[in-house]
Amino acid sequence: MTINRPGLPQDLPPAERLWARWALVAAVGATTADESRPGVHRTGRWIDGDGLHWDDGGCTWWVMSRMGEGRYVLYGEDESSAVKWHEPPVDMLAGGPGWLPWDELRDRLSGYELGCVYWYENGVWARAPYPDTLDDDGLDCGMGALADRAEAVELLAERLAPTHDGPDADAFLAQAEGGLLRDVEALLACVRDPDGDDPDPAAVARALALGGLAGEGAAR
């Protein structure tokens, strides 16, 4: 899936689908040790009470949060974003609905930490209007791997040992995108750490539940 530069709302998959991809990729990398680590000291993709996170420890960070039934917000920054340095200034919150996490976003803005904000309601993504002179808002570099389903499958496959007769990464992702991960035990059995460390299936199970992919919180 191609994301324009700067991004367009229609470049993103439906929020429920993006959430499912991100949550599943984050969950298979979950560890008990990381669960108690402050977000400012974490890298990679993870989920906590604030939502989904992606931080490469250097040039990009992103957050996606659920804001109520059918409502999501996606915000963050990649070094490729020219929004906060654009002249005249771009109001990244222009037209934003009242349910956005305004205090958090304004705090990020005040610290020159924010590169773009997208919000989702009634099945449609939206963002503030951009001037024609803006080259990039960072959405492509930040979200490209999750917006493209094939790339999301590759990210997931890095954390799953291949099996001969069970679901593969593509099948697990399809289940998650459908709203309910049916083969949870099969997933937990094939989780692996690409660096050779022992997998942590208990932490993975908790992350799946927190993301609403399994357990009582699973979407149906």
Side-chain angles (χ1 to χ4, degrees), residues 1 3-9 11-13 15 17-31 33-67 71-86 89-94 96 99-120 125-128 130 134-148 151-152 154-156 158-159 194-195 203 207 210-211:
M1 184 173 185
I3 293 182
N4 289 278
R5 296 189 177 188
L8 298 172
D11 293 338
L12 291 167
R17 193 176 304 162
L18 179 61
W19 178 277
R21 294 175 187 174
W22 194 339
L24 187 56
V25 170
V28 295
T31 67
D34 281 339
E35 286 175 332
S36 58
R37 185 172 299 166
V40 293
H41 300 304
R42 295 183 71 170
T43 58
R45 293 178 176 86
W46 74 92
I47 184 169
D48 60 19
D50 294 326
L52 295 165
H53 302 262
W54 160 227
D55 194 323
D56 72 351
C59 65
T60 193
W61 69 267
W62 297 83
V63 177
M64 183 176 181
S65 299
R66 291 186 286 200
M67 304 301 294
R71 292 174 173 175
Y72 295 81
V73 60
L74 170 67
Y75 59 96
E77 180 184 22
D78 185 87
E79 65 178 359
S80 63
S81 174
V83 176
K84 67 184 182 182
W85 309 119
H86 191 273
V90 177
D91 182 358
M92 287 177 261
L93 302 180
W99 50 262
L100 288 180
W102 287 97
D103 290 343
E104 167 71 8
L105 296 175
R106 286 170 175 151
D107 184 61
R108 295 281 190 177
L109 278 171
S110 68
Y112 292 94
E113 299 177 64
L114 200 59
C116 66
V117 183
Y118 287 72
W119 51 89
Y120 184 88
W125 284 104
R127 60 156 170 77
Y130 291 162
L134 179 69
D135 295 326
D136 197 353
D137 67 352
L139 186 70
D140 183 22
C141 290
M143 287 291 107
L146 291 169
D148 187 301
E151 291 191 45
E154 290 181 8
L155 289 174
L156 186 59
E158 292 174 2
R159 291 278 181 174
D195 296 324
L210 190 58

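Along the sequence shown, residues carry numbers from 1.
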Where do E104 and D50 land on the side chain to side chain contact (heavy atoms under 4.5 Å, CB included) test, with the steps shown first?
-> CA-CA 11 Å; E104 167 71 8; D50 294 326; over 6 Å; no

On the 0 to 90° scale, with breaks at 30° and 60°, tag the Y118-W125 ring pair as parallel, tilted or perpendicular.
->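 Because their plane-to-plane angle is over 60°, the rings of Y118 and W125 count as perpendicular.
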
Using 30° and 60° as the class limits, which term best fits the ring planes of Y72 and Y120: parallel, tilted or perpendicular?
->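 Taking Y120 first and then Y72, their aromatic rings stand perpendicular (interplane angle over 60°).
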
Between [atom1] on residue [X] and [atom2] on residue [Y], distance to nearest 0.5 Å:
{"X": "L18", "Y": "L52", "atom1": "CG", "atom2": "CG", "value": "8.0 Å"}
{"X": "L93", "Y": "R106", "atom1": "CG", "atom2": "CZ", "value": "7.0 Å"}
{"X": "R21", "Y": "E151", "atom1": "CZ", "atom2": "CD", "value": "10.5 Å"}
{"X": "D136", "Y": "H86", "atom1": "CG", "atom2": "NE2", "value": "12.0 Å"}
{"X": "S80", "Y": "L139", "atom1": "OG", "atom2": "CG", "value": "9.0 Å"}
{"X": "R159", "Y": "L156", "atom1": "CZ", "atom2": "CG", "value": "10.5 Å"}

Please check: side-chain N/O of [X] versus main-chain N/O of [Y], any donor-acceptor pairing under 3.5 Å?
{"X": "W61", "Y": "E113", "result": "yes"}
{"X": "W46", "Y": "D55", "result": "no"}
{"X": "D140", "Y": "R5", "result": "no"}
{"X": "D137", "Y": "G7", "result": "yes"}
{"X": "S81", "Y": "D78", "result": "no"}

List for me each residue that meets side-chain hydrogen bond (donor to acceptor under 3.5 Å, both in side chains) alongside R37, sequence neighbours excluded, and say none if there are none.
->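 R37 satisfies side-chain hydrogen bond (donor to acceptor under 3.5 Å, both in side chains) with D34 once adjacent residues are dropped.
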
Residues in side-chain hydrogen bond (donor to acceptor under 3.5 Å, both in side chains) with R42, at least two apart?
->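 Listed in chain order: nothing, the list is empty.
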
Looking at L210, V25, L24, which hits side chain to side chain contact (heavy atoms under 4.5 Å, CB included) with I47?
->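 For I47, the side chain to side chain contact (heavy atoms under 4.5 Å, CB included) test succeeds with only one of L210, V25, L24, which is L210.
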
E77 vs K84 side-chain heavy atoms within contact, under 4.5 Å =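 Yes, side chains in contact.
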
Should C141 and T60 count as side-chain neighbours, where that means a heavy-atom distance under 4.5 Å?
->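 Side-chain contact under 4.5 Å: no.
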
Determine, stepwise, if the pair R127 / L8 fulfils side chain to side chain contact (heavy atoms under 4.5 Å, CB included).
-> CA-CA 8 Å; R127 60 156 170 77; L8 298 172; 3.6 Å; yes

Side chain to side chain contact (heavy atoms under 4.5 Å, CB included) between L74 and L12, worked out | CA-CA 10 Å; L74 170 67; L12 291 167; 3.9 Å; yes

